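Numbering starts at 1 and runs along the sequence shown. Quantities reported herein were computed from a predicted structural model and do not represent experimental measurements. For the numbers below, each heavy atom of this structure counts, side chains included, while hydrogens, waters and symmetry mates do not.
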Amino acid sequence: MAESKLPSHDAFAVSGDGRKATWTRIGAAWPNDDGKGFNIVIAPGVAVSGKIVLREPKPQGDQEGD
């Protein structure tokens, strides 16, 4: 796996819809070498159910809340 490189995406658990949705960063994702999928690593101790969204990381200093 390519976990030694920076991840291409952040992983978020999302509950709710639209502007009232709650986004919680739970891990990160790295593309597979063949470009057909991702390796997703969830932070230790995180229990997840429901929707997981992968997003490209925002530049340092930008705020979440999309």
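Partners of Ala43 under the side chain to side chain contact (heavy atoms under 4.5 Å, CB included) rule, at least two apart in sequence or in another chain, are Val46. In this structure, the side chain to side chain contact (heavy atoms under 4.5 Å, CB included) partners of Thr22, at least two apart in sequence or on a different chain, are Ser15, Thr24.
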- prompt: Please walk me through it: do Val53 and Trp23 pass side-chain contact (heavy atoms from CB on, under 4.5 Å)?
  reply: CA-CA 9 Å; Val53 177; Trp23 291 62; 3.8 Å; yes

- prompt: Step by step, would you call Val41 with Trp30 a side-chain contact (heavy atoms from CB on, under 4.5 Å)?
  reply: CA-CA 9 Å; Val41 176; Trp30 290 259; 3.7 Å; yes

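Taking both residues in full, the closest heavy atoms of Ser8 and Pro57 are given as O-CD, 3.0 Å, listed atom of the first, atom of the second, then distance.
Sorted pairs that involve residues 40-54 and meet salt bridge (Lys or Arg N to Asp or Glu O under 4.0 Å), not counting sequence neighbours, are lacking altogether. Listed by first then second residue, pairs satisfying ring pair (Phe, Tyr, Trp, His ring centres under 6.0 Å) with a partner in residues 33-56 read His9-Phe38, not counting sequence neighbours. Sequence neighbours left out, the pairs with a member in residues 21-30 that pass salt bridge (Lys or Arg N to Asp or Glu O under 4.0 Å) are Asp10-Arg25.
Between Ile52 and Val14 the shortest side-chain heavy-atom distance does not fall below 4.5 Å.
Checking side-chain atoms of Asn32 against main-chain N and O of Asp34 turns up no donor-acceptor pair under 3.5 Å.
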